[in-house]
Amino acid sequence: MEPLIQMRNLEKAFEAGGSKFFVLRRITLDIQPGEFVTFMGPSGAGKSTLLSIIGMLDSAWSGEYYFLEQPVHKLNVKKRNELHKANIGFVFQSYHLIDNLTVFENLEIPLSYKNVPHKERVSLVCDILDRFNIVGKKDLFPNQLSGGQQQLVGVARAVIQNPKLILADEPTGNLHSAQGDEIMQLFKRLNDAGTTIIQVTHSERNAMYGHRIIQLNDGWVVSEEKAAARVG
Amino acid sequence: MTGIWQDFRYTLRALAKNKGFASVALLTLALGMGATTAIFSVVNAVLLKPLTFAQPERLIKLEERHPDWASPEFTYANFADIAKNTRTMEKLAAYRPWLFTLSGDGEPENVDGYRVSAEFFTVLGVSPQLGRTFLPEENRPGSGDVAVLSNGLWKRRFGSDPNIIGKTCKINGNPSRIVGVMPATFRFPEDSALWTPLALDDTLLTNRRAHLYTVIGRVKPQATLAQARSEAQILAKTIDEENKGIDPNWTAYPSPFQERLVAAVRLPILLLFCAVGFVLLITCANIANLLLAREVARSKEIGVRIALGAGKGRILGQLLTESIVLAFIGSGLGLLVANFALRAIIQLSPGDVPRLQDVSIDWHVLGFTLLVTALAGVLFGVAPALQAFKVDLQNSLRESRRTSLGAAQLRLRSALVISEIALALVLLAGTGLLTNSFVRLLRVPLGFNPKNVLTLQLFLPEATESAADTRSAQTLSAILEKVRTVPGVHFASVVNSLPIAGGVGTDFAIVGRPPVKPEDEPSADIRVIDAAYLRTMQIPLLRGREFSERDSAAAPKAMLINQTMADKFWPGQDPVGSRVTMLDWGPPLTGEVVGLVGDVKPNGPQEPVGSMIYWPYPQFPSLFNYLVVRTMSADPLSVLAGIKGQVRAVNPEQPVSQIRTMEQVLGESLAQRRFSLTLIAIFAGLSVLLAAIGVAGVMAFLVAQRTQEMGIRMALGAQRADVFGLVLRQGMRMTFFGLLIGLAGAFGLTRLLAGMLYGVKPGDPLTFALVSAFLIGVALLACWLPARSATRVDPMIALRYE
């Protein structure tokens, strides 16, 4: 099976005061479909930057990046956006629900950006509300929900378009441990159902939900290990 | 479509949630759009709307033009010749303003009206509501006195009597038959309550020097204006050659009627429109600034939307929908503001702005407002929308309480504020120049003392135009004698035209000097006065004597002249004893200069003083007279009742009208300027306020952005004054950039005001310095609050603020 993601010598750097500061250095990695990968490392290691590049939110880098065998490094902005819209869902640490929209509307947003017809959108949103057991919250605004509930909606929003890949940046960072566990269980179930998941976390406990842990430091991939090996 | 609808709903919801932003933005827009709508309503009603007459595009005004003389009025003989011989104009009509005294049933009253040729109503293409208009034979005197009433007069004085046609009423002392009533929609000329035929006797029918008549006409359907112009020139040349030497080198020039009707107010109205355009631009800049400020708070939302798959077009569409929705709600409120503003404009207006009474917010205005609203929505929405794409996605999606759009946004916001300051400075400079002119005009020496003077118009009903009726002089003498006995009256006099209020003039010749070519004949204004006039108005006698009782109708003709005339025609000599012949009013009339008086402004404070001849009223009676009364009390109106009583004692049917103090007359002569100045000053004030809000907003934004920096500086030992100065310097740098650009713009644009200025040049350095200093003061105030809040930053809190 071809990898979902292939990176070859990917680098990102800033020019400042005539010098070049590297954020990511010679990243070479493969991620298979159905994998649950965790990026770990100290602050400033480049984890979130790498996640943004994988999510195609950042285009200022060099090297090769293939997503579903498509050369992202050669695609124009429009094609990258198409690829991103069709295949990737995001979950953020601070949920990033849109304050002025209800739960229902927040869930509808990614579908509207994919030009899904209104009837189909309503049907998909109802379906996801039901799957996540949040039908009763559909007319509430984000500030009327607890942190755990907001992140539940955040995950539901990432899942609603049935992405091949979910990128989660510290998804439980703002939650207490019981809520965090609930969200991680949810990721596990989604992964078991076939969705590839990449998370950034500082939490060893959360890392254990995945298959593989990639350690970054100063922009370099410094180690890779199976999560199970760490338990061992 | 669903997307737009969604964006629309979200916008309304966001506005409802963000009440602070919504109220500031909507208030700003309501003021800007309201002012724009109101002024466009004026432009529409006065300059753009076609006249309500049939086929208004064919209506023309025919003017006489002279190489050295601005008056466009026609002589009757020239008018009649052109009307008879034209092939390109199907009809021509002549008219002149007249004062009518209505008596008989009810209180005697003076009403303004017009004496018109029989074709007047036909040219305008209007039919009466009742009865008929005038017949050609009624143009001649003795064919029976007839009148057509305006709808307003018919309703007010005659109780809308449906059987009014054929009834008689006393007009100027003569029984006149009412032959028609015009519909309520017909108000032309605007102040006209009554129309009577010209009924000219032979003297005026053949006179080619008395320029008294306004001429209007209609170009034939198959002819063009250019053809009419060529023909009018040829006809004028022919008439000139046939009547050699009488009034040489004149020509006739037809222009579109509507264009001439509004010619005097076109420039001030267009300038107001420009001014309000500036206010609208400043409004847009301010709203753009507010949207940019809000965008900082929304950068996360935009980042999330992009992360969720929103393309640039969709984000742009959403942000523009938001700004356009905002613009439309603001415009809706602006219509309410415009409604109030229009009422205020009509109240403030000097009354001589044609068609201003018809101003309303009609479909044309609404269409304009819709268009401007959409454009404004795009204008103030596009910069923030484009700026939104500069969001640093990684930063905005990261967990951070501090959001920043960085230096690019600050540059954009500063540029917007700089443009606001520049635009405000241009408006302020214009206001400054107009104010400077106005103050100078108020200080112009008028040549007389307008304080404590009451003026009343006296039109003597039994007088006739052609006869120098000695009865009118006798009546005036009797009235003066009685009025002088009223307690509180210091002096009382008569004059045919009030000083500074315009009047009639004549060409003249100096007896004993070599004859000059007719086209080189000098001209002078004429005032007809009584013996006490100089003392009443406190006009100094410089040489010779005043008029006295001995200057009666039978005595040798005497005249006074002013200083300017003496300097021009008797430089270094004494004019007293010289003889001057007045050429234009019937047979030449020669008088001896018996005295020399100080100059008096004849046509308003701004007009230069020319030659002036004063006649004693018994020797040159006038139909239109003003009673001028200098009172002992500071309130000249306190003697009004007594004066009216004495006038009635002489003639119970003698009305008095246009009762004003001389200071009111002076005020009215400046009313047009005051009106323009007031409106431009309001717009300038509004623009300064908006610019100040802009400066304060950007500085507050800047302080919020640099809170941590301030904290670090203070932790490193900066004093509060250092931080205060830091913020102030940044604000003032922006202000000075704006001032520089604004000054450059003002130097160019205030040249358009040249025609409205008095005693000051468009680029007046003092005015520019003063308005710049004022704007700097306002900007300092606007920076003061954000600067003060910067000094209150607690270094410990600021440093934890990440």
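Keep in mind that this is a model prediction, so the values were computed, not measured. Residue numbers start from 1 in every chain, and the chains themselves are labelled A, B, ... in the order their sequence lines are given, proteins ahead of strands.
- Atom NZ of A:K114 is surrounded by more than 12 heavy atoms from other residues, nucleotides or ligands within 6.0 Å.
- Residue contact with chain B, scored on non-hydrogen atoms closer than 4.5 Å, is absent for A:E82.
- Taken from CG in A:L101 to CZ in B:R305, the straight-line distance is 5.5 Å, to the nearest 0.5 Å.
- Within a 6.0 Å radius of OH in A:Y66, other residues, nucleotides and ligands contribute more than 12 heavy atoms.
- Only the side chain of B:R9 comes within less than 4.5 Å of a heavy atom of chain A; its backbone N, CA, C and O stay farther away.
- With a 4.5 Å cut-off on non-hydrogen atoms, A:F141 touches chain B through its side chain but not through its backbone.
- With a threshold of 4.5 angstrom between heavy atoms, A:L97 does not approach chain B through any atom at all.
- Of the possible donor and acceptor atoms, one in the side chain of A:H84 sits under 3.5 Å from a partner among the backbone N and O of B:A307.
- For the atom pair CD1 of B:I306 and OH of A:Y113, the computed distance is 9.0 Å after rounding to the nearest 0.5 Å.
- Of the listed residues (A:E105, A:E170, A:K78), the greatest number of heavy-atom pairs within a distance under 4.5 Å of chain B belongs to A:E105.
- Around NZ of A:K137, the count of heavy atoms belonging to other residues, nucleotides or ligands within 6.0 Å does not exceed 12.
- With respect to chain A, the highest number of heavy-atom pairs below 4.5 Å among B:R13, B:K17, B:E301 belongs to B:R13.
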